[in-house]
Visitor: 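Please see the structure below; I have some questions.
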Amino acid sequence: MSTFQAPKGTYDLIPPASAKYLAVRDAISAPLKNSGYGYIETPGFENVELFSRGVGESTDIVSKEMYAFETKGGDKLALRPEGTASVLRAALEANLHKAGNLPVKLWYSGSYYRYERPQKGRYRHFSQVGAEAIGAEDPALDAELIILADQAYRSLGLRQFRILLNSLGDKECRPVYRDALQGFLRGLELDDDTRRRIEINPLRVLDDKRPEVQKQLVGAPMLRDYLCDACKAYHEEVRELLTAAGVAYEDDEKLVRGLDYYTRSTFEFVHDGLGSQSAVGGGGRYDGLSEMIGGPALPSVGWALGVDRTVLALEAEGIELELPATTSVFAVPLGEEARRVLFGVVTELRRAGVAADFSYGGKGLKGAMKSANRSGARYAIVAGERDLAEGVVQLKDMESGDQSPVALADAVTAIRERLA
Ligand code: AMP
């Protein structure tokens, strides 16, 4: 029998590279934790209807890319393709919005699933860190989220990313624009698929990347010209707050994004070193989503940043994260007695918070020192029968190669002092 492989469009995170993913998740969540966002975790699957109603029946995410299935008990479920609908569902279910403390600010981190055509940067299983601020209409909240994403990317050392910003209008002005756009699009030479899209989700046609479509879109009505006064003022305030915070952004009138629930502010973070899958994160305001999934009116805003693509962006910029050494001390026992004694020392070191590892499997000195080297440890402790008879262990500095005996009884203290 041949061995198994990870399913198509997925990959495994394996040490040492996996440490980068953890560091990226930490870097993205740090500014959120520092800004009043509480951690939320929801199931990996939900009732399929949450997504078809929330994300939108007409979106690719729901119509083509969702892993939907029926359980043995007859429940219709789907692996989550995105985080916002689930987080809002959970907040409503727990009545967080009724605790009299709006906005409810939440952050999350997890796996998402989309049945996409795999390529570099586009997977069927990927991970996101996201944030949602639920139940307040305030341009400062939109600005806050964009500023925190900018801060997260910068803390990782990323520089070649750009922030694209647009307003999609609200339930007053968007329908008027939608009609005007549909009128324009119906007069173009387009294939059947695109014609269908005009009727279901005309804004997505603006997003079509094909040059023959883009050419015809010159002169299309632009949403900017249809925004109502309230949306215009709101958008202007978001822009001013970003500028005041020193966060550069680009106005992108064509930015519509692939989810139906967005209103007013929409934004995307793109990285210029990633080729076609350049979006490293995205988000926006979704004032109507709560009502779409059966809740009260709760204007909200959020984003999700892709962990996989952020790691690719780091590689594209040649950034090596300074990751803490996984092992500080590596123990090399020579013989049975030393094995018991040094295992005790390693246990004590670990309890004292020192990252320590051990040569397992009865290796000889040469093999064990090779493991010590590979571990990246700063110090090795080596002991054989003679050392133990003298009540010492040898402490070897792995950088200089210097080795000196220390009393076994003082070994833990001596190592901690040297590491400090
Ligand atoms: P979206 O919900 O489509 O706006 O996605 C938000 C972010 O998640 C994107 O900017 C990507 O960084 C990431 N992402 C979305 N889909 C995928 C995928 N199939 N593979 C890898 N990352 C993805």
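Predicted model, so just to flag it, every value in this text is computed and none were measured. Atoms within each ligand, like the ligands themselves, are counted from 1 in listed order.
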Visitor: For Tyr123, take its heavy atoms, then give the atoms of ligand 1 lying under 4.0 Å from any of them.
Guide: 18 (C), 19 (N), 20 (N), 21 (C)
Visitor: Verify the ring-centre separation between Phe358 and Phe330: is it less than 6.0 angstrom?
Guide: no
Visitor: Any side-chain donor paired with an acceptor under 3.5 Å for Thr59 and Glu65?
Guide: no
Visitor: Which atoms of ligand 1 have any heavy atom of Arg122 under 4.0 Å away?
Guide: 19 (N), 20 (N)
Visitor: Given His271, Gln119, Arg114, identify the one with the heavy atom nearest to atom 1 (P) of ligand 1.
Guide: Arg114
Visitor: Using a 6.0 Å cut-off, check whether atom OH of Tyr11 has over 12 heavy atoms from anything other than its own residue.
Guide: yes
Visitor: Could you tell me if any non-hydrogen atom of Asp308 lies under 4.0 Å from any atom of ligand 1?
Guide: no
Visitor: Can you tell me if Gly83 contacts ligand 1 (heavy atom of the residue under 4.0 Å from the ligand)?
Guide: no
Visitor: Got a sec, which residues hit ring pair (Phe, Tyr, Trp, His ring centres under 6.0 Å) with Tyr286, two or more places apart in sequence or on another chain?
Guide: Tyr261
Visitor: With only distance considered, is Gln128 within less than 3.5 Å of ligand 1 through an N or O on each side?
Guide: yes
Visitor: So, is Gly281 polar-close to ligand 1, with some N/O to N/O distance under 3.5 Å?
Guide: yes
Visitor: Provide the number and element of each atom of ligand 1 under 4.0 Å from a heavy atom of Phe126.
Guide: 14 (N), 15 (C), 16 (N), 17 (C), 18 (C), 19 (N), 20 (N), 21 (C), 22 (N), 23 (C)
Visitor: Please lay out, stage by stage, how His125 and Tyr113 fare under the test ring-ring contact (aromatic ring centres under 6.0 Å, His included).
Guide: CA-CA 5 Å; His125 165 267; Tyr113 308 87; 5.3 Å; yes
Visitor: Considering the options Asp170, Asp229, Asp142, which one meets the side chain to side chain donor-acceptor pair (under 3.5 Å) requirement together with Tyr234?
Guide: Asp142
Visitor: So, using ring pair (Phe, Tyr, Trp, His ring centres under 6.0 Å) as the criterion, who are the partners of His235 when residues are at least two apart?
Guide: none
Visitor: To which of Thr310, Val280, Val270 does the heavy atom nearest atom 12 (O) of ligand 1 belong?
Guide: Val280
Visitor: Distance under 4.0 Å to a non-hydrogen atom of Gly121: what atoms of ligand 1 satisfy this?
Guide: 20 (N), 21 (C), 22 (N)
Visitor: Need the ligand 1 atom indices (1-based, order shown) with element for anything under 4.0 Å from a heavy-atom of Ala304.
Guide: 6 (C), 7 (C)
Visitor: A quick test of your reading: do over 12 heavy atoms of other residues, nucleotides or ligands sit less than 6.0 Å from CD of Glu212?
Guide: yes
Visitor: Using distance alone, determine whether Ala279 and ligand 1 share an N or O pair under 3.5 Å.
Guide: yes
